[in-house]
Amino acid sequence: MRHIRIVIIFLSLPILLLAGGAPMLTSGAPRIPAGHRDASEGITYTIKPLLKQDGPTCFLSVNGATNLPDEALLDITFTYRFPGGDNERYLDYKRCLVTGAVYQVQLGPLKRKPPAGQYLFKVAFDPARQPDSVSKYLEGKYQALEFLAQTETLIVGQSTEEAGQERQRMLNIIKKEGLALKTIFDDIKAHAPEYSRAGRAAEPQSRRSGINSVPPAPTNVGDNFGDDIKTLQQWSKETTGKLESLVSVILLEDELRVFEMVTQAKAQIENSAFLLKHLLQKQDGILDLKEQPKDTAEFKRQLAIITEEVSGLSKLTEKEVTKNLKELGIFSLNKDVLLGSLGKIELIINKALENEPLKDADKSVIMQEVVALSRNLPDVFYDELHNLVSEVINVIKSNQPVDKKAKEGIIQRIKALRGRIEE
């Protein structure tokens, strides 16, 4: 969890207390820079953003009219703004040509309707990036050419709650895929000893013969080790297919990558699947040795090299995949510590007098416990923790008596987070 962000928020509290809280940025009207002139003064263009849908397929489209000549280039940047906030997330960038005094460009096709929220379409004209023919035409028509940029907003969805619900839905799906990843991960670990046994069984017998010959060392693999290796190779192939299928399913969620938490959760599964596939490929090198007739010494040398590589990769994979699964909330949490922190915050809020502000000592304890929560909670708990922190900050920074509504708001957030942890 990004506890650093929360620490920064807390460190900023003195400034917030002095400032009394700054107003949030609003996002209604398009942002039109001073350099954008009307038709009587110079270059103009309009912006019309659309959500186009063709059956299950969707496009984010933008078009408009302009007085620019044919082959003029416009730069279009697509970004997303989460409802109720002022943070923009870059989605994509495209360039398009003006033809017949109009332009059009779209983002897609998308397999489903884009998540709820505000989509920003920034259309810019850069004189320095125009073809020579366009530059000569414009220089002959206008005394001066300026960089122009204008942004229009497209709202998808009916309410701000839809965006949060959609993000949580995606996270829940990805968490289920994380459980599937853990099953594959455990299966790969369980099969690891079989590669060592197969390697020993495939070792060439000594060419020496006679009364002084040394019999081959016993192994746990029977005389049909060739069949055992084929079975192991087939299992490896099927497991690799499962990993590839898992990643393919994950990529269908949040195609535009508008939700940071979803994007990170996907990356954790993709990274884990890549490591596990690489490990399987390296382990299969042990099985491939049986197809290469060698004398005993050469076989042992080759086997030692591959075994060492597999050992190092296994340790790295174990560490990274385990870490990624923890971030997905797959492994068990230290519930006692987490619930203890929530209990301390709840106790302070419950005993706070409604006609007095919180004491400095109580504020300090609350801050410490919230930071502890942020350090110990996986990213998938971001929404619940963010909501709790927002309620707490509103109470602390106001330095006003804690009213009933504020107390109920914090207690409600604590119950929601406690419920998720206890699941």
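Keep in mind that this is a model prediction, so the values were computed, not measured.
In this structure a side-chain-to-backbone donor-acceptor pair under 3.5 Å is present from R89 to R257. In terms of modelled atom types and a separation under 3.5 Å, the side chain of K111 and the main chain of P56 share no donor-acceptor contact. For T317 (side chain) and L313 (main-chain N/O), a donor-acceptor pair under 3.5 Å exists by modelled atom type. Using modelled atom types, no side-chain atom of S311 and backbone atom of T307 make a donor-acceptor pair closer than 3.5 Å. The backbone N or O of E318 sits less than 3.5 Å from a side-chain atom of T322, completing a donor-acceptor pair. Remark: the backbone N or O of A267 is not paired with any side-chain donor or acceptor of N271 at under 3.5 angstrom.
For the atom pair CG of D187 and CD1 of I184, the computed distance is 8.0 Å after rounding to the nearest 0.5 Å. Atom CG of L51 sits about 11.0 Å away from atom CG of L107, to the nearest 0.5 Å. With values rounded to the nearest 0.5 angstrom, L246 atom CG is found 6.0 Å from L181 atom CG. For the atom pair OG1 of T240 and CG of L280, the computed distance is 4.5 Å after rounding to the nearest 0.5 Å. Here the CG atom belonging to L388 is positioned 9.5 Å from the CD1 atom belonging to I393, to the nearest 0.5 angstrom.
A donor atom on one side chain and an acceptor atom on the other are not found under 3.5 Å apart for N387 and E391.
For the pair T66 and T46, the minimum side-chain heavy-atom distance is 4.5 Å or more. Residues F274 and E270 are not in side-chain contact: their nearest non-hydrogen atoms beyond the backbone lie 4.5 Å or more apart. In this structure the side chain of V370 reaches within 4.5 angstrom of the side chain of I366, judged on heavy atoms. The side-chain heavy atoms of T77 and Y90, taken from C-beta on, include a pair separated by under 4.5 Å. Taking the side chain as every heavy atom from C-beta outward, I43 and L145 approach each other to under 4.5 Å. The closest side-chain heavy-atom distance from V389 to V392 is not below 4.5 Å.
Residue pairs meeting the side chain to side chain donor-acceptor pair (under 3.5 Å) criterion with at least one member in residues 49-58, sequence neighbours excluded: K52-Q106.
E244 and K277 are joined by a salt bridge, as a carboxylate oxygen and a charged side-chain nitrogen come within less than 4.0 angstrom of each other. Salt-bridge annotation for K415 and E346: absent, with no side-chain N of the basic residue lying under 4.0 Å from a carboxylate O of the acidic one. Ion pairing of K182 with D186 is present here, as a side-chain N (NZ or NE/NH1/NH2) and a carboxylate O approach within less than 4.0 Å. Residues K323 and E320 are paired through a salt bridge, judged by an N-O separation under 4.0 Å between the basic side chain and the carboxylate. In this structure, R169 pairs ionically with E166, as a charged nitrogen and a carboxylate oxygen lie closer than 4.0 Å. With salt bridges taken as basic N to acidic carboxylate O contacts below 4.0 Å, none links E408 and K405.
The environment of CG in D132 is sparse: at most 12 heavy-atom neighbours from other residues, nucleotides or ligands sit within 6.0 Å. The neighbour count for Q234 CD, taken as heavy atoms of other residues, nucleotides or ligands under 6.0 Å away, is above 12. Atom NZ of K282 has 12 or fewer heavy atoms from other residues, nucleotides or ligands within 6.0 Å.
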Subject >> L50 and L60: CA distance, side-chain angles, deciding distance, side chain to side chain contact (heavy atoms under 4.5 Å, CB included) verdict >> reply: CA-CA 6 Å; L50 296 169; L60 288 175; over 6 Å; no
Subject >> Chi angles and distances behind the side chain to side chain contact (heavy atoms under 4.5 Å, CB included) call for L120, E88 >> reply: CA-CA 9 Å; L120 311 182; E88 297 177 7; 3.2 Å; yes
**OP:** Decide side chain to side chain contact (heavy atoms under 4.5 Å, CB included) for K122 and I76; before the verdict, give the C-alpha distance in whole Å, the side-chain angles of both, and the deciding distance to 0.1 Å.
**Re:** CA-CA 5 Å; K122 179 181 178 181; I76 293 88; over 6 Å; no
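Among all heavy-atom pairs drawn from S236 and D284, the shortest one is OG-OD2, 2.9 Å.
Taking the six-membered ring for Trp and thresholds of 30 and 60 degrees, F259 and Y80 have ring planes more than 60 degrees apart, a perpendicular arrangement.
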Pairs under 3.5 angstrom only: tabulate donor-acceptor contacts from the side chains of residues 92-102 to other protein residues two or more places apart or in another chain.
residue, atom, partner, partner atom, Å
Y93, OH, D75, OD1, 2.7
Y93, OH, R95, NE, 3.4
Y93, OH, R129, NH1, 3.4
R95, NE, D75, OD1, 2.7

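Residues F121 and F78 place their aromatic rings such that the two centres sit under 6.0 Å apart.
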